[in-house]
Amino acid sequence: MFNQKNKVTRADYEQWRAGQDETAARIASDPDRLLFHVEPELGWLNDPNGLVQIGDTYHIYHQYDPFDAAHGGPVLWNHLTTKDFVTYENHGPVLFPDSDLDSSGAYSGSAFVRDGKIHYFYTGNVKHFDRDDYDYVLTGREQNQIHVVAENPDELGEKRIAVGPVDYPDDIGTHVRDPKILEHDGIYYMVLGARTKDDRGCVLVYTSRNLEDWSYATRIELGEKFGFMWECPGYLELEADGGVPAKWLSFSPQGLEGGRWDRGNVYAAGYMPVTGDITGGDSAYDLGEFHLWDAGFDFYAPQEFASEDGRHILIGWMGMPDADYGNAPTVAHGWQHCFTVPRLLTKGENGTLLQTPVPELDARRSAAALTLRNGEEASLSPCFDLTAAPAGDFALTVAHGVELVYTEQDSTCVLQFTDPAQASGRTQRRTKLSAPCRSVRVVGDRSSLEIFLNDGAAVFSTRYYPAAGDVAVKISGTDALVYSL
């Protein structure tokens, strides 16, 4: 069996895959499979990588362990394409941990198009298991930031180190990963998630004039400790009033403790508004309040990219590493995890961002909507799109096992499981809204729910496992419109 101690070549994978048709067919018929989300053909899926648009086609890569649904094997990059964010074509793995630079896994990264060529940057993970000092954190491993240039998204070129261990500041440990490439005024920037030797998360910034030669510029950090590791960094700008762009730093901090963090997920994913210059220029910068991208059970390691029409789109992994809950029903069938629906980002108030499903999803809606009256229950397709405009307290129940409850008095919304059979270990998550809840949208796709409150000012994403067939949906405190998807 393949494991993280062995390199894996394309030939290795293809020889193995030739014997997996029966398993793949069984997985494809699993009633928990989704209709309009990205999910793995076999095994395990996690972080979205290399999101980029070329012509009328969006290219989506992801972390992929096809060999083990519980993720005990090596990590590859799998490639999919879509023109509509609703139907996806799976092209199979394209990046393999087959060299001395990435022998323990092809970890997360991004893509950047320049002069008709695609530049891929990712982290090559190397674990020296045979060394006596291997400790996972400080010694016995290396993480190389690898650059690959390609004209064909299915045929990646030669692997070269762009930034390696000799280029990291002396106080940085062995955890440096997830390069995201940005461009501003002819200068390219690489942001990297990092962990210092004294366990403080930060982002390292490197600059280049040609995407080939990189120099360390600065680091982005907080005055106080905010977790021990910042993963999957990103930076985005949106046009704001007066033509001055509003800016945000996105990252996934690990190790948040105390207060609301003790009542939430083991790891977080969120963003901070930015003032000033975080690229190493002359001006100072300030990071504002940290906002969660998603308050649900299953959301981590998102990646944002700009489409050719100027939209900013976010895709997240609908999963959570090291959680005390899981997806036992799908693991038993040989697969695990999916992505969120792609989400359109727009500017909110007080340094926040709004997330809503991309409009392309509306094309799946049935021609007519069902009106679900206050207090009524209806049997619906598990693939549905529900909208409501409450004026006070409300409650929504899906499949008699998942409850969404909003209390106007303290503007708090709670997502909770009442049926352990559907929860696979999930219990309760809550979020306090900055304004009374006046809009709700719930997108269901068989074994997933994504809940958007106040036009996406707050979001809950979760997996759930109802019995096969239609699901019972009941709303109290307001009416709702429901489309089949």
Side-chain angles (χ1 to χ4, degrees), residues 32-39 45-46 48 60 82 85-86 88 264-265 269-270 291-304 313-320 323 325 327 330 337-346 353-365 380-388 396-399 401-406 413-417 422-424 426 428-431 433 437 439-466 471 473 475 480-485:
D32 289 321
R33 294 289 282 183
L34 307 167
L35 292 189
F36 50 88
H37 285 71
V38 171
E39 58 191 350
L45 166 153
N46 60 305
I60 298 172
T82 182
F85 290 126
V86 172
Y88 297 87
N265 291 331
H291 300 275
L292 289 176
W293 282 115
D294 194 300
F297 295 92
D298 297 279
F299 186 92
Y300 194 69
Q303 187 167 118
E304 173 270 340
I313 298 169
L314 184 85
I315 298 176
W317 170 36
M318 203 182 295
M320 179 58 58
Y325 48 87
N327 302 287
T330 69
H337 296 311
C338 66
F339 284 169
T340 65
V341 294
R343 300 173 179 179
L344 180 65
L345 300 181
T346 55
L353 288 160
L354 305 180
Q355 306 169 65
T356 53
V358 291
E360 287 90 333
L361 185 62
D362 293 351
R364 284 195 62 96
R365 285 180 166 181
L380 304 175
S381 162
C383 301
F384 65 88
D385 192 345
L386 178 150
T387 61
L396 175 72
T397 303
V398 179
V402 186
E403 291 184 351
L404 179 72
V405 180
Y406 170 73
C413 206
V414 178
L415 174 67
Q416 57 193 11
F417 281 80
Q422 297 187 44
S424 199
R426 292 165 182 80
Q428 184 187 94
R429 291 290 180 266
R430 63 176 56 232
T431 190
L433 304 182
C437 187
S439 73
V440 181
R441 182 174 180 183
V442 182
V443 176
D445 187 357
R446 286 187 169 171
S447 60
S448 74
L449 295 171
E450 292 169 79
I451 302 163
F452 302 85
L453 307 171
N454 280 351
D455 300 317
V459 187
F460 287 108
S461 295
T462 190
R463 302 301 299 273
Y464 81 124
Y465 295 99
V471 295
V473 177
I475 196 161
L481 292 178
V482 187
Y483 295 89
S484 295
L485 292 176

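In what follows, residues are counted from 1 in the order of the sequence shown.
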Closest approach of [X] to [Y] (non-hydrogen atoms, all atoms of both residues):
X	Y	answer
Cys437	Asn454	CA-OD1, 3.3 Å
Pro302	Leu314	CB-CD1, 3.7 Å
Asp445	Leu35	OD1-N, 2.9 Å
Leu449	Tyr464	CG-CE2, 3.5 Å
Trp317	Phe339	CA-CD2, 4.1 Å
Gln355	Phe452	O-CD2, 3.3 Å

Exam field: side chain [X] to backbone [Y], donor-acceptor pair closer than 3.5 Å:
X	Y	value
Asp294	Ser461	yes
Ser439	Asp455	yes
Arg446	Asp32	no
Trp293	Gly270	yes
Arg463	Ser447	yes

Spatial distance of atom [atom1] ([X]) from atom [atom2] ([Y]) [nearest 0.5 Å]:
X	Y	atom1	atom2	value
Arg364	Cys383	CZ	SG	6.5 Å
Glu304	Leu345	CD	CG	6.0 Å
Leu344	Leu354	CG	CG	9.5 Å
Leu353	His291	CG	NE2	8.5 Å
Tyr465	Ser448	OH	OG	9.0 Å
Leu404	Thr462	CG	OG1	11.5 Å

One thing to verify: whether Glu450 and Arg441 come together as a salt bridge, which I'm taking to mean a side-chain N less than 4.0 angstrom from a carboxylate O.
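Looking at Glu450 together with Arg441, the answer is no, because their closest N to O distance does not fall below 4.0 Å.
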Side chain to side chain contact (heavy atoms under 4.5 Å, CB included) for Val459 and Leu453? Distances and angles first, verdict last.
CA-CA 6 Å; Val459 187; Leu453 307 171; over 6 Å; no
Counterpart residues, side-chain hydrogen bond (donor to acceptor under 3.5 Å, both in side chains), relative to Asn265 (two or more places apart)
Tyr325, Arg429
Run the side chain to side chain contact (heavy atoms under 4.5 Å, CB included) test on Asn46 and Tyr300 for me, step by step, so that the C-alpha distance in whole Å, both residues' side-chain angles and the decisive distance to 0.1 Å come before the verdict.
CA-CA 9 Å; Asn46 60 305; Tyr300 194 69; over 6 Å; no
Looking at the rings of Phe299 and Phe460, which for Trp means the six-membered one, are their centres under 6.0 Å apart?
no
If we check side-chain contact (heavy atoms from CB on, under 4.5 Å) with Pro342, which of these qualifies: Ile313, Leu361, Thr82?
Ile313
Can you tell which of Asp298, Val38, Asn327 makes a side-chain contact (heavy atoms from CB on, under 4.5 Å) with His337?
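Of the listed residues Asp298, Val38, Asn327, the side-chain contact (heavy atoms from CB on, under 4.5 Å) partner of His337 is Asn327.
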Quick one, [X] and [Y] - any side-chain contact, counting heavy atoms below 4.5 Å?
X	Y	answer
Ser424	Phe417	no
Val482	Val473	no
Val341	Ile315	no

Arg430 and Leu415: CA distance, side-chain angles, deciding distance, side chain to side chain contact (heavy atoms under 4.5 Å, CB included) verdict:
CA-CA 6 Å; Arg430 63 176 56 232; Leu415 174 67; over 6 Å; no
Run Tyr406 and Cys413 through side chain to side chain contact (heavy atoms under 4.5 Å, CB included) and show every step you take.
CA-CA 4 Å; Tyr406 170 73; Cys413 206; 4.1 Å; yes
